[in-house]
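Below you'll find the structure, written out as structure tokens, and then a few comments.
The sequence lines fix the lettering, A, B, ..., with proteins before strands; numbering per chain opens at 1. Since the model is a prediction, treat every value here as computed from it, not as a measurement. Just so it is clear, the values below take in all heavy atoms, side chains as well, and ignore hydrogens, waters and symmetry mates.
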Protein chains: 2
Amino acid sequence: MPPTPAVPDGRRATLADVAAQAGVSVALVSIVMRGAKGASPATRERVLEAARAIGYRPDSRARMLRSNRTHLLGVQFEIQEPFHTDLVEHLYAAAESVGYQIALSAVAASRSERQAVESLLGDRCEALILLGPQAPAARLAELAALLPVVSVARRLRPPVPGVHVIRTADDEGARQAVDHLVSLGHRDIAHIDGGKAPGAADRRRGYRTAMNRHGLADRIRVLPGGLTAQDGATAADALLAAGARPSAVLAFNDACATGALSTLFRSRVSVPEEISVVGFDDSRLARLPHVDLTTMAQDIARMAELAVTRVTERLEASDTPTGQDIVAPHLVIRGTTTAATAG
Amino acid sequence: MPPTPAVPDGRRATLADVAAQAGVSVALVSIVMRGAKGASPATRERVLEAARAIGYRPDSRARMLRSNRTHLLGVQFEIQEPFHTDLVEHLYAAAESVGYQIALSAVAASRSERQAVESLLGDRCEALILLGPQAPAARLAELAALLPVVSVARRLRPPVPGVHVIRTADDEGARQAVDHLVSLGHRDIAHIDGGKAPGAADRRRGYRTAMNRHGLADRIRVLPGGLTAQDGATAADALLAAGARPSAVLAFNDACATGALSTLFRSRVSVPEEISVVGFDDSRLARLPHVDLTTMAQDIARMAELAVTRVTERLEASDTPTGQDIVAPHLVIRGTTTAATAG
DNA sequence: GCGTGCTTCTAGAACGTTCTAGTACCCGAG
DNA sequence: CTCGGGTACTAGAACGTTCTAGAAGCACGC
């Protein structure tokens with residue numbers, strides 16, 4: 001059955017059209033559409049039928065314009081960043097469960113953070129959830145003066161008042177990874193770090209702390225790395241060239257780890273038999289069957305849920321203080337780690 | 001300097017606030033804000049200054065509500081699909097260049113296509129750009145009755161009236177891939193196919209056609225595959241088990257190709273020395289340094305540009321017929337193909 | 001007969017913008 | 001001095017919704 005193309009002329013159907021069709025007032029149709037109370041079951045049915053007949057669909061702009069609330073949470077994310085797209089997926093679910101909607105605004109090569117945020121503000125989002133924002137603290141403060149802001153996966157030092165931060169316990173994650181390797185009997189554990197990437201300093205510190213705690217201070221070896229596969233590959237080259245090869249490597253993140261893996265494969269060093277490798281993030285990459293990387297998983301679902309909660313509770317009670325939520329990561333054991341060979 | 005927190009109470013500043021501040025009428029402020037003509041340079045400056053002072057920001061909802069045009073193109077995409085996110089990136093650029101804006105609506109585990117599209121319709125998008133839509137033809141026809149619709153990367157058979165299709169010449173791509181391998185001296189070229197995935201039939205056909213054309217009809221070997229890395233790995237296992245190993249493999253897509261690669265690595269079959277591998281899509285995966293996959297690139301920028309063009313030209317002149325645009329792919333030679341070893 | 005209270009419904013004003021149809025003014029031509 | 005025609009500006013009505021106030025109807029208790 002064809003979907004009855006709206007009203008006579010090209011316009012989309014409005015409340016008034018439905019009202020005319022059903023022979024009631026506009027206000028009553030509004031009541032029915034919102035599911036508010038104040039309409040008898042009989043008319044309710046009649047109105048709904050009329051709406052269906054002429055293909056009425058509420059206009060969210062008009063709706064938001066009138067009711068001062070938009071119930072819109074603006075999300076800025078990097079469209080090419082798998083970690084961000086994972087988060088977005090969970091944000092949809094989290095927002096829906098508390099009666100809010102998500103407005104997406106991507107950052108891409110052709111679209112700056114500034115543009116992304118401006119567009120969200122123009123849509124009158126009630127709050128901003130920024131994934132890994134690069135904006136300077138001053139800019140964030142400026143935004144925070146306007147509406148509740150939360151920064152996910154980007155630590156702010158010093159904290160910016162009005163901006164709540166949600167991040168993974170990077171140091172704790174690195175410690176867990178080292179603990180895992182040590183429990184497998186490894187002692188020569190190297191770390192390919194993330195340079196100046198967000199979180200890199202914490203992971204480096206976590207690695208050092210754990211090594212010290214296990215009495216392996218003299219085995220600490222930090223190789224300059226980065227957040228791309230290329231960085232990992234280069235670092236692994238350096239590692240092999242150096243001669244004394246460690247029995248395990250903790251990489252800054254999964255991309256870096258896969259880069260290292262590829263170097264090892266090419267050099268016919270078998271993983272995990274000759275060397276164990278641990279990544280960080282539990283990205284899609286790590287889960288690919290031929291990568292099958294042991295890694296520290298960030299609790300993305302939890303982070304998304306926290307982001308929505310923090311922001312909505314500030315909308316409801318505007319005096320809620322901002323702070324920081326640090327989410328614990330957990331180890332996911334896959335195929336790139338195994339017990340150290342004796343000796 | 002602090003960003004002067006809007007108007008006395010909590011409200012966001014409106015045209016009326018700016019008007020009051022600058023001592024002019026609301027209509028004039030509107031003129032200045034739109035950059036329309038009808039204001040003297042002097043007042044223009046004064047109004048802009050007032051707007052800046054109280055932190056005015058236009059309300060896009062009200063703006064769209066009043067002017068019948070929204071200049072909004074709704075884009076439905078799979079948030080986890082790298083091919084889609086690549087497209088989105090180019091869509092932003094393409095839309096901007098013709099004065100339209102993009103409204104994103106993601107499909108995810110927790111969000112169905114229906115929800116995604118409903119939200120776009122509620123925002124009163126003027127047209128829909130659907131990336132790889134799964135919706136049945138009837139549903140698409142229903143949407144097409146409402147507004148211009150274009151389906152990217154999803155062939156519709158039979159064509160749905162009102163829905164324009166933009167897709168890659170999959171058969172042509174497979175032929176080019178085979179040509180490349182043949183030109184390198186390969187003759188035993190197998191194809192790991194995509195089963196029932198969109199485009200798979202065309203790529204299979206292109207492979208067969210090319211093999212025939214090169215007089216290699218008796219070397220045709222199609223292995224059941226799929227679109228995941230796992231599918232590729234499994235198919236490669238079968239290939240090796242079968243004994244008579246081909247000298248080259250054309251995989252359905254990059255994910256499938258990397259799956260095959262991993263099996264080959266593990267089985268110590270060196271690529272490309274012993275066997276050449278070609279993927280399809282030129283996804284991010286293919287570009288990773290340790291994958292470095294020769295592949296058929298889809299012309300994403302062109303597809304995005306076409307999507308925007310087709311849809312906007314229908315908005316401007318509603319009688320533009322719908323049809324199909326078939327975009328040529330091109331070969332990207334990387335490290336997984338080389339000349340066949342003699343014999 | 002008259003208030004009271006409940007349900008069902010409606011008129012009309014908002015929301016922040018753009019657009020239409022003006023008014024007010026100035027300048028030069030007749 | 002009036003007319004025409006531009007430029008600078010403004011009042012007020014839209015756009016499609018929600019919300020506030022209140023009206024109409026009805027049953028009930030006195």
Side-chain angles (χ1 to χ4, degrees), chain A residues 6-7 9-48 50-51 54-72 101 121-126, chain B residues 6-7 9-48 50-51 54-72 101 121-126:
Chain A
V7 256
D9 49 20
R11 293 181 313 115
R12 296 276 274 275
T14 74
L15 279 189
D17 298 317
V18 180
Q21 171 88 1
V24 295
S25 73
V26 168
L28 185 55
V29 179
S30 170
I31 286 172
V32 172
M33 284 310 164
R34 277 174 292 145
K37 63 175 187 179
S40 72
T43 31
R44 200 173 284 272
E45 187 46 50
R46 194 154 44 92
V47 167
L48 287 175
I54 65 178
Y56 169 77
R57 201 181 304 272
D59 184 326
S60 64
R61 298 162 309 158
R63 189 169 261 194
M64 290 171 180
L65 179 57
R66 170 58 231 209
S67 49
N68 283 335
R69 302 292 309 268
T70 63
H71 284 276
L72 222 47
Q101 289 199 304
L121 292 176
D123 290 344
R124 287 296 187 265
C125 290
E126 299 185 348
Chain B
V7 255
D9 48 21
R11 293 182 313 115
R12 297 276 274 274
T14 75
L15 280 188
D17 297 318
V18 180
Q21 171 89 2
V24 296
S25 74
V26 169
L28 185 56
V29 179
S30 170
I31 286 172
V32 172
M33 284 309 165
R34 278 174 291 145
K37 63 173 186 179
S40 73
T43 31
R44 201 174 284 273
E45 187 45 51
R46 192 154 45 94
V47 166
L48 287 176
I54 65 178
Y56 169 77
R57 200 180 305 269
D59 185 326
S60 66
R61 298 161 310 158
R63 187 170 263 194
M64 289 170 180
L65 178 58
R66 171 57 230 211
S67 49
N68 285 333
R69 302 293 308 269
T70 63
H71 284 275
L72 222 46
Q101 288 199 303
L121 292 176
D123 289 345
R124 288 296 188 265
C125 290
E126 299 186 346

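Here the straight-line distance linking atom CZ of B/Arg124 with atom CZ of A/Arg12 works out to 4.5 Å at 0.5 Å rounding. Interatomic distance, CG of A/Asp17 versus CD1 of A/Ile54, reported as 5.0 Å (0.5 Å rounding).
The listed nucleotides are D/dT17, D/dC15, C/dT17; the one nearest the side chain of B/Asp59 is C/dT17.
In this structure, A/Leu65 places its CG atom 17 Å from P of D/dA14, rounding to the nearest Å. Rounded to whole angstrom, the span from the CG atom of B/Asn68 across to the P atom of D/dA14 amounts to 13 Å.
Residues B/Lys37 and B/Arg44 share a closest heavy-atom pair of CA-NH2, 4.0 Å. The heavy-atom pair separating B/Ala19 from B/Val26 by the smallest distance is CB-N, 3.8 Å.
Less than 4.0 Å separates DNA chain D from at least one heavy atom of each of the following residues of residues 20-28 of chain B: B/Val24, B/Ser25, B/Ala27, B/Leu28. Listed by residue number, B/Gly38, B/Ala39, B/Ser40, B/Thr43 are the residues of residues 36-45 of chain B with a heavy-atom contact under 4.0 Å to DNA chain D.
In this model, the phosphate group of C/dA14 is not approached by any side-chain N or O of A/Arg66 to a distance below 4.0 Å at OP1 or OP2. Regarding contacts with the backbone of D/dC19, a side-chain N or O of A/Arg34 is found under 4.0 angstrom from either OP1 or OP2.
Defined by atom type and a distance below 3.5 Å, a donor-acceptor pair is missing between the side-chain atoms of A/Arg63 and A/Ser67.
Not a single donor-acceptor pair under 3.5 Å links the side chain of A/Gln101 to the backbone N or O of A/Leu72. No side-chain donor-acceptor contact under 3.5 Å links A/Thr70 to the backbone of A/Cys125. Between the side chain of A/Gln21 and the backbone N or O of A/Ala50 there is no donor-acceptor pair closer than 3.5 Å.
When each of A/Met33 and B/Ser67 is assigned the nucleotide of DNA chain D bearing its nearest heavy atom, the one mapping closer to the 5' terminus is B/Ser67.
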